[in-house]
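Scroll down for the structure; my scribbles are underneath it.
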Amino acid sequence: MTSLFISNERDETIEKYLCDSLESDVHYYNYSQFQEFESMLEIADCIILSTHLSESEFKKIKKHINDTSKLYFFNTNYFASGNIPYDPQKLLFGYNEYRFIDKIQIPIAEHCNLNCNRCYHFSNLQNQEKFYDFEIFKSDLKCLKDFGFEINEIRFLGGEPLLSDELFDFIKFASSIFPYTNMKIITNGVKLINFSDEYLNKIKDSKAIISISVYPPVMKYIDSIESKLINKNIPYEIFRVGNVFNKILMEEENKNFVSTAEECEKCIMIYNGVVTRCAPSIFINIFNEKLDCNFPEEEFDRVYDFDSRREMLQYLDSPFELCHYCMGDSDPIGYEWERTDSKRLVKKDYIR
Ligand code: SF4
Ligand code: SF4
């Protein structure tokens, strides 16, 4: 049996684990060697893709595989945490089983404390406090578990997730239901500027990774935030590139909406009982209301409305109503960060 393991970072421990678990030779390829392994995709018996690959890298490889029954995902992130289960079935997921979801977004708070103009989640336009209901969250997540899904990463975000007093309850519950899943808090870092030791301990105990998108108001504090996270041994990542925004909506219908929706970095989101493929589609009602527009608002299917996990993933693969008027990630013009000024809130800041 010939097995390929494709990732973008070599890790010999993983290769050994896969060889031992599958009782087969496993040949490692870096994704950048695409031309070298392209011809092997058809003849290999088993193709294992690291969950470190991006959606677009995955799509490019999949195009070359006719028999998808030999395609698997390997949960590299969880393996890296050091808690390696003996049973490879815990970390290997067959593509045809419709069992694996790379990441799920959980918008704990619709509102935000930074209010960036052109925010994709329209959190800058939400001037009331609105949170994901914890009881609904529990039943949404149980429903995904009952379907038999395994999830690589759950991302708690917003708006700003640190505005929720229940954040750590959400993470604790999610970890109990999905123990092999990475938990990540995606924050703008504002609340971290003056965080207490007690709060740091809560972050550490949650075992979640802190991911900070740094916008200009937080820039001068980031070194001090970072050193506190290091001192507490809290895993973190920092993106210092978050000062450019794009327009996402279009006045006229996007003739290429199918390809825009295919190329857009789809990230499944669940929120108060419904499931969607992106934040703009679920929060467009806030935009319509604030700026007196009529962009399509989806009739979302509820998490428990689906008969099978296959049906749910197929629903999420098809374009939504808003995709007809959306540029996804394709607007080439970047705008410098600015705070929303409610006195000069204008549609043209969002619509191309
Ligand atoms: S920090 Fe993020 S969620 Fe908050 S307004 Fe800015 S882009 Fe939106
Ligand atoms: S509306 Fe469609 S194209 Fe726009 S971000 Fe969502 S999924 Fe992507």
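The structure displayed is predicted, hence computed values, not measured ones. When a ligand or atom number is given, it counts from 1 through the structure's own listing order.
With ring centers used as reference points, Y132 lies under 6.0 Å from F137. A centroid separation of 6.0 Å or more is found between the aromatic rings of F37 and H27. The aromatic ring centroids of F287 and Y350 lie less than 6.0 Å from each other. You'll find the ring centres of Y29 and F5 outside the 6.0 Å limit.
Across the listed options G159, A109, P107, C116, C116 owns the non-hydrogen atom lying nearest to atom 5 (S) of ligand 1.
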Could you go step by step and tell me if F245 and Y335 meet the ring-ring contact (aromatic ring centres under 6.0 Å, His included) rule? CA-CA 5 Å; F245 285 72; Y335 298 86; 9.5 Å; no
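Listed by atom number, the atoms of ligand 2 under 4.0 Å from R277 heavy atoms are 7 (S). Each of the following atoms of ligand 1 lies closer than 4.0 Å to a heavy atom of Y215: 1 (S), 7 (S).
Closest to atom 4 (Fe) of ligand 1 among all protein heavy atoms lies C112 SG, 2.3 Å. Annotation: atom 1 (S) of ligand 1 to nearest protein heavy atom, N188 ND2, 3.5 Å. Protein heavy atom in closest approach to atom 6 (Fe) of ligand 2: C278 SG, 2.3 Å. Nearest protein neighbour of atom 3 (S) of ligand 2, counting heavy atoms only, is C326 SG, 3.7 Å. Nearest non-hydrogen protein atom to atom 2 (Fe) of ligand 2 is C323 SG, 2.4 Å.
Ion pairing of K232 with D197 is present here, as a side-chain N (NZ or NE/NH1/NH2) and a carboxylate O approach within less than 4.0 Å.
Contacts between Y120 and ligand 1 below 4.0 angstrom, taking non-hydrogen atoms only, are absent altogether. Here N113 has no heavy atoms under 4.0 Å from ligand 1, in either its backbone or its side chain.
Within the 2.8 Å limit, C119 places at least one N, O or S atom next to atom 8 (Fe) of ligand 1. Taking backbone and side-chain atoms together, C264 has no N/O/S atom less than 2.8 Å away from atom 6 (Fe) of ligand 2.
Y315 pairs with exactly one of F300, Y98, F306 by the ring-ring contact (aromatic ring centres under 6.0 Å, His included) rule, that one being F306.
Because its NZ or CZ atom is both nearer than 6.0 Å to the ring centre of F34 and within 45° of the ring axis, K60 counts as a cation-pi partner of that residue.
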